[in-house]
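Below you'll find the structure, written out as structure tokens, and then a few comments.
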Protein chains: 2
Amino acid sequence: MNQTAEATFRALADPTRRAIVALLAERDLTIGAVAENFDMTRPAVKKHLTILEQGALIQVEAKGRERINRLNPQGLQAVTDWVAQIDLFWSRRLDTLKDIIERETKND
Amino acid sequence: MNQTAEATFRALADPTRRAIVALLAERDLTIGAVAENFDMTRPAVKKHLTILEQGALIQVEAKGRERINRLNPQGLQAVTDWVAQIDLFWSRRLDTLKDIIERETKND
DNA sequence: TAAATATGAAACCAATAAGTTTCATATAGG
DNA sequence: CCTATATGAAACTTATTGGTTTCATATTTA
């Protein structure tokens, strides 16, 4: 597991941050616009956005005095990749079990 | 997002717990056997296992005085489902952008 | 049945996380 | 230029988390 995946899973642990990801999947938003969707202060939302950026889940583009927050699919890919790796181990194991059963059946 | 997914993301936030999931993808293990793989006390590992169970990432089977910990693919599925939903929003958005560009091109 | 083994659970501690308030800075607009 | 707007960042508070030690309980097994 690389450093980015570490930060990515940490970022997704919080429900507010997952909600922000869902918001940004639909449209790019400034920090203030994101904050309007939550019952907390703007600085709190800004902290969440920083953690999402560290987890490569969003990218931030400076545009004048605004900061445009945009979803970065690479972060989600890191999650998908990790799950796929676990699934691979798991399926190999099921295959082994199937082999064992088939071998035993053949010996009947 | 349902309650299980909430607990699942929380469970995966910790690197030790992700390592436990990777271990259990290869073979079922007792609590003690899991603990042998980490530089921490057995009670600490047991706490991690409890959190993984709450997140539906593992299932625990009592067998005499032992507790067999087994991977539960349903927990991973919850993660995959969430990512797929975000990807869906994102791809819809790209489609919309593509439509806009095509429409503009047609007007040239 | 007594000793060893595997686990459960409570009490406690230090670090981190999530939120707040407050103030500073940079850009837009009239 | 002056004011409003959008954000940055520090300091602080409280709750949660991840870990420990300690002791109790339930099964095996000699």
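Convention: sequence-line order gives letters A, B, ...; per-chain numbering from 1.
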For the student: nearest non-hydrogen atoms of A:Ala22 and B:Ile86, plus distance: CA-CD1, 3.6 Å
Backbone N or O of B:Leu24 within a donor-acceptor pair of the A:Arg93 side chain at under 3.5 Å? yes
Quickly work out the B:Ile31 CD1 to C:dA6 P distance and round it to whole Å. 12 Å
Could you state the atom-to-atom distance from CZ of B:Arg67 to P of D:dA26 in whole Å? 11 Å
If I take atom CD in residue B:Glu36 and atom P in nucleotide C:dT7, what distance separates them, rounded to the nearest angstrom? 10 Å
Treating primed atoms plus P, OP1 and OP2 as sugar-phosphate and everything else as base, which nucleotides of nucleotides 18-30 of chain C get B, S or - for protein heavy atoms under 4.0 Å? SBBB-----BS--
In terms of hydrophobic clusters joined by side-chain contacts under 4.5 Å, are B:Phe89 and A:Leu57 together? no
Throw together a table of side-chain donor-acceptor distances under 3.5 angstrom for residues 29-37 of chain B, partners on residues two or more places apart or in other chains.
residue: B:Thr30; atom: OG1; partner: B:Ala33; partner atom: N; Å: 3.1
residue: B:Asn37; atom: ND2; partner: B:Ala33; partner atom: O; Å: 2.9
residue: B:Asn37; atom: ND2; partner: B:Val34; partner atom: O; Å: 3.4

Specify the separation, in whole Å, of atom CD of B:Gln54 and atom P of D:dG18. 11 Å
Output the rounded distance in Å from CZ (B:Phe9) to C1' (D:dT17). 19 Å
Got a sec, which pairs hit salt bridge (Lys or Arg N to Asp or Glu O under 4.0 Å) with one end in residues 71-87 of chain A, sequence neighbours left out? none
Taking only residues two or more places apart in sequence or in another chain, which ones pass side-chain contact (heavy atoms from CB on, under 4.5 Å) with B:Ala19? B:Phe38
What is the distance, rounded to the nearest whole Å, between atom CD of B:Glu53 and atom C1' of C:dA9? 15 Å
Quick check: are there more than 12 heavy atoms from other residues, nucleotides or ligands sitting under 6.0 Å from CD of B:Glu26? yes
Determine to 10° how strongly the helix from C:dT1-D:dA30 to C:dG30-D:dC1 is bent, judged from the axes of its five-pair ends. 30°
Figure out the NZ/C1' separation between B:Lys46 and D:dT25, and round it to whole Å. 13 Å
Here the salt bridge (Lys or Arg N to Asp or Glu O under 4.0 Å) pairs for residues 50-63 of chain B, sequence neighbours left out, are B:Glu61-B:Arg70
